[in-house]
Amino acid sequence: MGNRGMEDLIPLVNRLRDALSSVGESCSLHLPQIAVVGGQSAGKSSVLENFVGRDFLPRGSGIVTRRPLILQLLSDNTEYGEFLHCQGKKFTDFDEIRKEIETETRRLTGSNKAISPVPIHLRIHSPHVLNLTLVDLPGITKVPVGDQPTDIEYQVRDMIMQYICKENCLILAVTPANTDLANSDALKLAKDVDPQGLRTIGVITKLDLMDEGTNARQILENKLLPLRRGYIGVVNRSQKDIDGKKDIKEALRAEKEFFLSHPAYKHMSEKMGTPYLQRILNQQLTNHIRDTLPAFRSHLQSQLLALKKEAEDYMQFNPNDPARRTKTLLQLVQRFAVDFDKLIEGSGDKVDTVNLSGGAKINRIFHERFPYELIKIGSDEGKLRTEINYAIRNTHGVRTGLFTPDTAFEAIVKKQISRLKGPCVKFIDMVSQELTTTVYQCIDKLSSFPKLRDETERIVTTEIRELETKCRDQVMLLIDIQLAYINTKHEDFVGFNNSPQMHNHSNTKIAARMGGNQGVAPHSSLIVIRKGWLTINNIGIMKGGAKEYWFILSAENLSWFKDDKEKEKKYMLPLDNLKLRDVEKGFMSSKYVFAIFNTELRNVYKDYKCLELACNSQEELDSWKASLLRAGVYPEKVAVDGQGNGPPENLSDPQLERQVETISNLVDSYMGIIYKTVRDLMPKTMMHLMINSVKEFISSELLAQLYALGECSALMDESPEQQQHRVEVLQKHAALKEALAAIGEISTSTCTTPLPPPVDSSWIKPSSLPKNSAASGKPGIRSHAPPVPRVPSAGPKSSPNGSRQPTSQQNRTPALVPRRLPPAIPSVK
């Protein structure tokens, strides 16, 4: 009866299974067990009933086993059954066990042949059984019936694979003797995951139903179609016997008589039949448990270590203790403040390597988005000159002016300054939105306490909105201050006397005012503004199609290379007379596109009038636009007179033309000062009035406002999900400790039965996809499960004294579950 001294191993695994039932099936699947695999009506259920000596499994036509049944057989003095989902209830009537299995199956799968991977746990105590743990799996089916999906065959195979691909699972491959063994689905699936046959045991059923004059002697002797662990033959009750309520004990006596009297099997009758199969499975499972126990112990220890910190925190947390609630509230608010500060200041422990967030996004708004918004309102030189023209003529009225009117200059400057309000308000909105997003990102950690999370979110976002209003008022005040007095005595202002000197620099006025670099600068061609990948989007398919290059933008040109090694330069494009325009995103494209073109209508690149460049995100697009602005490449704008006057008249008056040029230079000089001031003051204003204030509020005022609500106890009410999670973590922690303690009680010193030597099992054809599968690009019906990648092994190793040592875990097939595409839906004609 198995290995002496090791009889407690199978009950141990059953204890582990019960202890780990709260952990989930992902852990239970790693427990040593025997999976029973076979086609429909192969006799799997009859074999299991013969083990127990009772009728207790559902029967019928088609697919009857529709959920895995984990069957634990325990040798005991009394006979009864227990279900894990009905703890504490003992079933002494085995007809009631059958009805309970049918009821529990229908509860998840319905009554029309659907299947479910959620197992049913049944434990049977009996003096007539040996200790065994088996998993009865649904029979392999080919044709869907009832409300079964069209891919029922592959769902069943995937379910079977989830069990048999585990190294800790022995495979009991059941095949009827009256079918072609070489095409056995059970053996093919076993071959997929166990190519060396280390875990596969063959069972041949229905030997009494073979055609007269035929037998399975050579197969059972393992001479024909051999398996490493060989085959065991059994004879089950026929359907007529079952309908006639033939007793299983009588059936076992008939089985024994069959093997003793049959001329082909009587010489091996001692190694045939259900009792021998039960002893062999007990022995093999016991040995298998002994071999896999160290690795399983390590697996449990790693899980326990991962849970230890969280479980200890939950052990100390008493949801009904007011002092503990207050302490937890304080800790959560402090952690929220620290997390927010780290995201803003960029000193977080976990650095996001995929996206910008928090302070990095705000920095990008400061130095890329805001300057870009400013440049958009001041880059249309034609529109500015038109406004100056009208201002001068309206200032002179009916008279012809002899001098350049300073009132026209002041009117234009004030109008330009007033136009700053739009970009500044948008700037405040962007920073406020990013602060709110950062708050949401940090507040997710309070999701365990919904009321605390909601109140914290409400208080902080309300404070951000109030600070936003205060900041907007302050910014409007700064702009009004600039409007109140036009300081023409500013040291950087050129003045009326020096304005003609600006004429030769008209092409670089905007770049000068938007720059900010002081001192002696290096040669502009050496200043690298930006590097990165862009796709040239508008090259035709005949010329190679869209292709990605490595671009380098300097102050004078845009170059691109084959790759980021910057060795093979493809082209260098001067930035003179270039402008950029937006390009609408294509319907099927995921790229964000902008175009560069020449204002003098010259070709930009080869025979292309414009160069369409594409990047992968809106942020990257905005960043490239901001970089091009720094290099002096501005967006295209169409001058439209707000009064509907159309384009300005030709400046036929030379004196008026000189006055327009003079005021234009003066406006550019003065607005350069204003732009530099605004670009400097806006980030400082936002940092002082919003960002630093929000940080200070969260760290010092938030807790006080939460206490002021007078509902501190209610704030710390856990969500149902958090309560469930806490209970599950503590249960899992306790289960893992219990399981490790149970393993520590067992001494594994024992003798073992050596594994038979390897045999040639190439006769089993592994499951493979058909030739017309998706791999060939043609629709077709899927075939068997794809084979698991095999790892070659040198076979079992022998010790110097000739005894076999257990094969190392490294030489076994990796436990991978094949994944399949859904089946093709048949077309309706």
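The structure displayed is predicted, hence computed values, not measured ones.
One N or O on the side chain of Asn665 and one on the backbone of Glu661 form a donor-acceptor pair closer than 3.5 Å. Using a distance-only test at 3.5 Å, with no hydrogens or angles considered, a donor-acceptor pair links the side chain of Thr599 to the main chain of Asn577. Using modelled atom types, one side-chain atom of Thr456 and one backbone atom of Leu452 make a donor-acceptor pair closer than 3.5 Å. Of the possible donor and acceptor atoms, none in the side chain of Asn598 sits under 3.5 Å from a partner among the backbone N and O of Leu578. Listed for the Ser693 side chain is a donor-acceptor partner under 3.5 Å among the backbone atoms of His688. Side chain of Ser699 to backbone of Lys695: a donor-acceptor contact under 3.5 angstrom is found. Of the possible donor and acceptor atoms, one in the side chain of Asn394 sits under 3.5 Å from a partner among the backbone N and O of Tyr390.
Between Ala631 and Leu553, the shortest heavy-atom contact is CB-CD1, 4.2 Å. Shown here for Pro635 and Leu629, the closest heavy-atom pair between the two residues is CD-CD2, 3.4 Å. Of all the heavy atoms in Asp563 and Trp533, the pair that sits closest is CA-CH2, 3.6 Å.
Exactly one residue among Arg364, Arg369, Glu368, Gln618 makes a side chain to side chain donor-acceptor pair (under 3.5 Å) with Ser623. That residue is Glu368. Ile365 pairs with exactly one of Lys426, Met686, Met430 by the side-chain contact (heavy atoms from CB on, under 4.5 Å) rule, that one being Met430.
Sparse packing is recorded around NZ of Lys451, with 12 or fewer heavy atoms of other residues, nucleotides or ligands lying under 6.0 Å away. The environment of Glu584 atom CD is sparse: at most 12 non-hydrogen atoms of other residues, nucleotides or ligands sit within 6.0 angstrom.
Using a 30° and 60° split on the angle between ring planes, Trp560 and Tyr549 fall in the tilted class, from 30° to 60°. The aromatic rings of Phe493 and Tyr670 lie perpendicular to each other, with more than 60° between the two planes, well past the 30° mark.
For the pair Arg581 and Phe597, the cation-pi test (distance below 6.0 Å, angle within 45°) is passed.
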| task | Run the numbers on Asp680 and Thr677 for side chain to side chain donor-acceptor pair (under 3.5 Å), then give the verdict. | result | CA-CA 5 Å; Asp680 181 59; Thr677 302; over 6 Å; no
| task | Decide side chain to side chain donor-acceptor pair (under 3.5 Å) for Lys591 and Asn537; before the verdict, give the C-alpha distance in whole Å, the side-chain angles of both, and the deciding distance to 0.1 Å. | result | CA-CA 9 Å; Lys591 297 280 189 178; Asn537 211 45; over 6 Å; no
| Given the rule in the side-chain contact (heavy atoms from CB on, under 4.5 Å) test, do Asn557 and Ser554 qualify, once you have shown the distances and angles that lead to the verdict? | CA-CA 5 Å; Asn557 54 64; Ser554 69; 3.2 Å; yes
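In summary, the side chains of Thr386 and Asn389 do not present any donor paired with an acceptor at a separation below 3.5 Å, with no hydrogens or angles considered.
Contact check for Leu435 versus Phe340: side-chain heavy atoms found under the 4.5 Å cut-off. Counting heavy atoms from C-beta on, the side chains of Thr488 and Phe409 come closer than 4.5 Å.
Proximity of the aromatic rings of Phe427 and Phe366 is defined here by a centroid distance below 6.0 angstrom, and this criterion is met.
A salt bridge links Asp582 to Lys625: one of the charged nitrogens lies within less than 4.0 Å of a carboxylate oxygen.
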